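Note that the coordinates shown come from a computational prediction; the quantities given were computed from them, not determined experimentally. Computed over heavy atoms, backbone and side chain alike; hydrogens, waters and symmetry mates excluded.
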Amino acid sequence: MLLTDTLDGPSAQRLAEYGSSVDIRHDVDLALSGILNDPFGYDLFVMDCDRTGGVIGAEAAIASLIAADARMRVILVSREFDEPVYPFGRRAAVCLPVSVLDDGFRRGLDHVLRDRGPVVMM
């Protein structure tokens, strides 16, 4: 799930280039509802924070997901971040500045998905 205000922004383009299936929502409540009501379960939540509530809005969104016992990986992208943060905690969000280069975004995606097992569709 990608929460963003633009369909063809950098996050959407990068995720698609890396082979991700990208479900885009423009509203925080619709994104959270989509995540919580999906029968298969989303594995990754990416939020372009700047036009969707900022980092404070991201904190509230993550708190809502935790309260609903949603287990997923999170990447936050914002101009409020000075440099990329790739935390060691598996439940901690990867934080990327808007200005992050493609390599840094890819590193964030690989880092957040590092413990993900192979997906098998039957």
Side-chain angles (χ1 to χ4, degrees):
M1 173 71 69
L2 171 61
L3 175 60
T4 187
D5 68 333
T6 177
L7 291 173
D8 59 351
S11 293
Q13 291 177 359
R14 287 171 169 163
L15 290 167
E17 286 173 11
Y18 303 147
S20 298
S21 175
V22 185
D23 187 359
I24 298 175
R25 302 288 163 87
H26 303 289
D27 178 81
V28 174
D29 292 331
L30 291 175
L32 295 177
S33 176
I35 290 168
L36 297 174
N37 294 316
D38 182 67
F40 296 106
Y42 286 91
D43 197 39
L44 176 65
F45 176 49
V46 179
M47 182 174 175
D48 285 337
C49 301
D50 294 333
R51 294 194 180 120
T52 55
V55 172
I56 291 174
E59 291 171 353
I62 292 169
S64 295
L65 292 171
I66 291 169
D69 202 29
R71 299 189 180 276
M72 68 184 40
R73 295 143 181 96
V74 176
I75 296 176
L76 303 176
V77 181
S78 176
R79 67 176 152 252
E80 294 183 50
F81 303 129
D82 294 326
E83 59 186 47
V85 176
Y86 310 104
F88 288 110
R90 293 179 189 222
R91 301 277 296 161
V94 166
C95 300
L96 303 174
V98 169
S99 61
V100 72
L101 300 175
D102 289 340
D103 290 343
F105 192 95
R106 181 59 195 231
R107 180 176 177 213
L109 181 65
D110 290 343
H111 182 78
V112 81
L113 296 175
R114 68 192 180 280
D115 65 338
R116 182 175 176 234
V119 176
V120 178
M121 300 297 285
M122 295 184 172

Residue pair Leu76, Val55: steps toward the side-chain contact (heavy atoms from CB on, under 4.5 Å) verdict: CA-CA 8 Å; Leu76 303 176; Val55 172; 5.6 Å; no

Considering non-hydrogen atoms only, spot the tightest contact between [X] and [Y] and give its length.
X     : Y     : value
Ala16 : Val22 : N-CG2, 4.0 Å
Phe45 : Ala31 : CE1-CB, 4.5 Å
Leu32 : Ala61 : CD2-O, 4.0 Å
Met72 : Tyr42 : CE-O, 3.7 Å
Asp5  : Arg51 : OD2-CD, 2.5 Å
Ala58 : Cys49 : CB-SG, 3.8 Å

4.5 Å side-chain heavy-atom contact, [X] and [Y]:
X     : Y     : value
Ile62 : Val74 : yes
Val46 : Thr4  : no
Leu2  : Asp48 : yes

Contacts of type side chain to side chain donor-acceptor pair (under 3.5 Å), residue [X], not counting sequence neighbours:
X      : value
Ser64  : none
Arg106 : Asp110
Thr52  : none
Arg107 : none

Is a side-chain N or O of His111 found less than 3.5 angstrom from the main chain of Val94, in a donor-acceptor match? no

Donor-acceptor list for residues 95-103 side chains, cut-off 3.5 Å, not counting sequence neighbours:
from	atom 1	to	atom 2	distance (Å)
Asp102	OD1	Arg14	NE	2.7
Asp102	OD1	Arg14	NH2	3.0

State which residues pass salt bridge (charged side-chain N to carboxylate O under 4.0 Å, His left out) with [X]; sequence neighbours excluded, sorted by chain then number.
X     : answer
Asp38 : none
Asp27 : none
Asp69 : Arg71

Check the pair Thr6 / Asp8 against side-chain hydrogen bond (donor to acceptor under 3.5 Å, both in side chains), numbers first and verdict last. CA-CA 6 Å; Thr6 177; Asp8 59 351; 3.1 Å; yes

Are Val85 and Val112 connected, step by step, through hydrophobic side chains (Ile, Leu, Val, Met, Phe, Trp, Tyr) whose heavy atoms are closer than 4.5 Å? no

Can you get from Ile35 to Ile66 by hopping between Ile, Leu, Val, Met, Phe, Trp and Tyr side chains that sit under 4.5 Å apart? yes

Which residue pairs pass the salt bridge (Lys or Arg N to Asp or Glu O under 4.0 Å) test with at least one member in residues 77-89, sequence neighbours excluded? Asp50-Arg79

Chi angles and distances behind the side-chain contact (heavy atoms from CB on, under 4.5 Å) call for Met1, Leu44: CA-CA 6 Å; Met1 173 71 69; Leu44 176 65; over 6 Å; no

Rounded to the nearest 0.5 Å, what's the gap from CD1 on Ile24 to CG on Leu3? Could you check? 10.5 Å

May I have the step-by-step check of side-chain contact (heavy atoms from CB on, under 4.5 Å) for Met47 and Val77, ending in yes or no? CA-CA 6 Å; Met47 182 174 175; Val77 181; over 6 Å; no

